[in-house]
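Since the model is a prediction, treat every value here as computed from it, not as a measurement.
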Amino acid sequence: MEYTANSKRYEEMRYSRCGKSGVLLPKVSLGFWHNFGETTPYERSREIALAAFDNGITHFDLANNYGPRPGAAEERLGQILRHDLSAHRDELFISTKAAYDMWEGPYGTWASRKHLLASLDQSLSRLGLPYVDLFYCHRYDPDTPLDETLQALVDAVRSGRALYVGISRWPLQALTYGIEFLHEHGVPLLIYQGRLNILDRAPQREGILQCLGQEGKGFISFSPLAQGLLTNRYLNGIPAGSRMTEEHFLKSSTLTPQLLARLRSLNDLARQRGETLAQMALAWVLQQPEVTSVLAGVSSVQQLFDNVGCLHCAPFSEEELRLIDSLMS
């Protein structure tokens, strides 16, 4: 069916300024990590992407290796853009990344100039776009000189292939160096992508969030629901067909009796607040002052709607925050 965008798509979504930039991102962004590859029917991917846009989600987050098969998620979004969203390209903020394994040989991975720029060209081809809005270095490369990696990001913008640059999962010392380098070269860092959720608070503990706040940079959380642990999916054990049964990204050994008890206590608190566990977990991330957006990785439109419901969650009381902290200690 021919797609007609919802005329009221911007009425409910809330947007946050990305650091001190001119970019506004939706509080909830759509992540294409695991549910937009060849193992998911095209129509389901299309339905999720269009439902997201119809509800004001303008930021679509990808990477060269998202699939499965690596590259498949970019190809799929490219199809959706051509068939349904081409007229709305300037309403969208599309990001992609490079630095993970993509092709054989010494240049198919990590963060050399060779890999980053070749990968970006391949991503643009799969997406069918002349540029992306945001290009990330997807991980820290301990062997490639930082100047080489950062200069490649600068040149991605200067060549017109990207409008902004980001960094994902870099340690604090490399991040601070990168912020200074990019500023001096006239292509300031826009945003940092890191894992932040109730169960994993490394960006807080390591000083990443504090640094970004001081420097006026954005932060976006991937895996804000801890790959589904912070939903009702595992409250009664491991269901058949769940991601944990695959023993790939999420191991069954993770769900210890102690963690299960904590998740059930968190769910009790969410029910008291009139929210789902997922909504409360997303709201907890978004109440951190340095956080611009959370990445929702969903497998259905219903999951998407549930996640967007976090925008209507009540503010946390000090007592509730202390309770959540005590459950995680």
Side-chain angles (χ1 to χ4, degrees), residues 1-18 23-36 40-62 66 73-74 76-96 127 132-134 191 193 197 218-225 228 230-233 270 273-287 291-315:
M1 294 178 60
E2 185 176 349
Y3 170 68
T4 300
N6 177 14
S7 62
K8 299 181 179 180
R9 59 189 174 276
Y10 295 117
E11 293 185 4
E12 296 294 328
M13 180 54 62
R14 291 161 52 199
Y15 300 85
S16 293
R17 188 163 299 280
C18 193
V23 173
L24 296 172
L25 293 182
K27 290 276 192 181
V28 178
S29 299
L30 182 62
F32 278 63
W33 174 45
H34 199 63
N35 295 311
F36 290 84
T40 301
Y42 173 78
E43 283 304 319
R44 186 188 305 168
S45 299
R46 176 180 181 267
E47 182 183 26
I48 293 169
L50 297 184
F53 184 65
D54 278 340
N55 284 271
I57 295 178
T58 54
H59 178 208
F60 292 171
D61 179 80
L62 299 101
Y66 287 178
E74 291 176 327
R76 183 148 292 184
L77 178 58
Q79 288 179 278
I80 297 169
L81 289 169
R82 287 192 301 276
H83 297 155
D84 301 295
L85 291 173
S86 59
H88 302 282
R89 169 62 183 101
D90 290 336
E91 296 178 59
L92 293 169
F93 195 89
I94 297 172
S95 61
T96 196
L127 289 164
V132 289
D133 298 283
L134 173 61
I191 196 167
Q193 186 171 133
N197 56 59
F219 178 90
I220 187 167
S221 169
F222 75 88
S223 196
L225 297 178
L230 291 166
T231 70
N232 62 8
R233 191 159 180 78
R273 289 168 51 87
E275 300 157 5
T276 67
L277 176 54
Q279 289 168 347
M280 186 183 77
L282 293 173
W284 181 91
V285 178
L286 286 171
Q287 61 94 32
V291 172
T292 310
S293 181
V294 293
L295 282 168
V298 300
S299 58
S300 69
V301 170
Q302 186 54 51
Q303 283 185 4
L304 178 71
F305 290 159
D306 182 55
N307 288 354
V308 171
C310 74
L311 301 179
H312 305 293
C313 289

Residues, nucleotides or ligands: over 12 heavy atoms within 6.0 Å of E12 CD: no
Under a 4.5 Å cut-off applied to non-hydrogen side-chain atoms, are [X] and [Y] in contact?
X    : Y    : answer
T96  : V132 : yes
S221 : V285 : yes
R46  : L50  : yes
R89  : L92  : yes
I48  : V298 : yes
L134 : V23  : no
I220 : H59  : yes

Ring-ring centroid check Y66 H34, cutoff 6.0 Å: no
Between [atom1] of [X] and [atom2] of [Y], what distance do you get to the nearest 0.5 Å?
X    : Y    : atom1 : atom2 : answer
D61  : S29  : CG    : OG    : 7.5 Å
Q193 : L295 : CD    : CG    : 5.0 Å
Y15  : L24  : OH    : CG    : 9.0 Å
L286 : S16  : CG    : OG    : 7.5 Å
L304 : Q302 : CG    : CD    : 9.0 Å
I80  : L127 : CD1   : CG    : 11.0 Å

Can you name the closest pair of heavy atoms from [X] and [Y] and give their distance?
X    : Y    : result
A49  : L30  : CA-CD2, 4.0 Å
C313 : A283 : CB-CB, 3.8 Å
V308 : M13  : CG1-CE, 4.3 Å
R14  : L311 : NH1-O, 2.9 Å
T292 : G218 : OG1-CA, 3.4 Å
F219 : I191 : N-CG1, 3.7 Å

Report yes or no: does [X] contribute a side-chain atom to a donor-acceptor pair with the main-chain N or O of [Y] at less than 3.5 Å?
X    : Y    : answer
Q287 : W284 : yes
D54  : N6   : yes
R273 : A314 : yes
D133 : I94  : yes
Y42  : F36  : no
R44  : E47  : no
N197 : P224 : no

Regarding [X] and [Y], do their side chains bring together a donor and an acceptor under 3.5 Å, going by distance alone?
X    : Y    : result
T40  : S45  : no
N35  : S299 : no
S293 : K27  : no
N55  : Y10  : no
Q279 : N307 : no

Partners meeting ring pair (Phe, Tyr, Trp, His ring centres under 6.0 Å) with F60 (sequence neighbours left out): F32
F53 and H88 aromatic ring geometry - parallel, tilted or perpendicular at 30°/60° bounds: tilted
Test side chain to side chain contact (heavy atoms under 4.5 Å, CB included) applied to V28 and V294, step by step: CA-CA 5 Å; V28 178; V294 293; 4.2 Å; yes
Presence of salt bridge, K8 and E11, under 4.0 angstrom: no
Residue pair L85, Y3: steps toward the side chain to side chain contact (heavy atoms under 4.5 Å, CB included) verdict: CA-CA 8 Å; L85 291 173; Y3 170 68; 3.7 Å; yes
